[in-house]
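Just follow the structure's listing: the first ligand is 1, and inside any ligand the first atom is 1. Because the structure is predicted, anything quoted here is derived from the model rather than measured.
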Amino acid sequence: MKTKLEELKTQALQEINNASDLNALQELKIKYLSRKGELNTIKRGLKDISPEERPVIGEIANKTAEEIEEILNQKYELLNKENISIKLEAEKIDITLPGDYIPYGKQHPLTSTINEIVFIFNKMGFTLVEESNSPEVETEYYNFDALNFPKDHPAKDMQDTFYTINASNLLLRSQTSNSQIREMEKKRPPLRVISPGRVYRSEAVSSRKNNLFHQVEGFLVDKEVTFGDLKGVLNEFTRHFFGQARPTRFRTSYFPFTEPSAEIDVQCIMCSGKGCRTCSGTGWLEILGAGMIDPNVLKGVNIDPEVYSGFAFGMGVERLTMLKFAINDIRLFFNNDVRFLEQF
Ligand code: DAH
């Protein structure tokens, strides 16, 4: 029995030494040390040997078990350490590598301009139009008729305005002025509203014109509103938008929904004199249209023009942005070329 135990020990040590992973080690533990394991099988023979020998052999058997267990534990430690270092090696992070590049997003220049315009008018007490009162798909009534456009006005022509195919009285609005009517229909004066948005016109695309562009509309209706109020508000706007007290010029003009009407110019911001490319040498840049709201328009929305008066204005966002940043082609706003957009 003693020899058997010694043989078992030698074999066990060898196999444990050769074990290459923790699973194999676990199996060896079962093979040698479990209740049904090989050591216990030998120990079961103890009952057949003489009582004098039994404690001696019994002690050797226990020692053998202890030794095998000890070696198993040592090997376990070793394999476990190896395992951890393999894992650490595999999960190694090189903290000297540069970080992943996440591009830095920026606001589109047209959005910035719109926000700036709205901000300036907010400060003067104008509030943002209700979105539902400023739809881009509009009826002929709100885009033209209610704004006092004569029935045969050339702007209503298919060549200037995009009409929808199946419902011919629906169109893509050609101006944000539709929001004046919708707001005034639903609300009573005093009103001070600012209304930015997209507008559409059927034009040949060029460096100065696009089928889609943006306008900001504004209007004010109250008792005793005068053209002087309009001038004051617009001068204040240009002062803030162009960043300095810049002379403006009010030229008489015509819009169906205002009377009198004016176009407003600011002194050229890049003027290089006679041959100036920005203002064609005139020294002035047109930036918006405006006027006193026509009594007919007020009557149409049930506001008594004998009691109330108001002014309105509309400006092109692309034009203002181009002037402010010396951009020479309107199409740059719509191409989504990051080399352009990154500059703002
Ligand atoms: N709707 C005009 C256009 O698109 C711009 C305009 C002019 C708006 C005068 C106004 C205004 O509110 O009073 O050309």
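Under 4.0 Å is where a charged nitrogen must lie from a carboxylate oxygen, and between Lys156 and Asp145 at least one such pair does. Using a cut-off of 4.0 Å between Lys/Arg side-chain N and Asp/Glu carboxylate O, Lys187 and Glu130 are scored as salt-bridged.
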Item checked: From CA spacing to verdict: side chain to side chain donor-acceptor pair (under 3.5 Å), Glu185, Tyr142 -> CA-CA 11 Å; Glu185 264 185 355; Tyr142 288 101; 2.8 Å; yes
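Near ligand 1, Gln175, Ser177, Gln180, Arg201, Gln215, Glu217, Phe255, Phe257, Thr258, Gly289, Ala290, Gly291, Ala312, Phe313, Gly314 each place a heavy atom less than 4.0 angstrom from the ligand.
Taking the ring centre of Phe241 as origin, the terminal cationic atom of Lys324 falls inside the region bounded by 6.0 Å and 45° from the ring axis.
A donor-acceptor pair shorter than 3.5 Å can be found between the side chains of Thr321 and Thr113.
Interatomic distance, OG1 of Thr248 versus CG of Leu288, reported as 9.5 Å (0.5 Å rounding).
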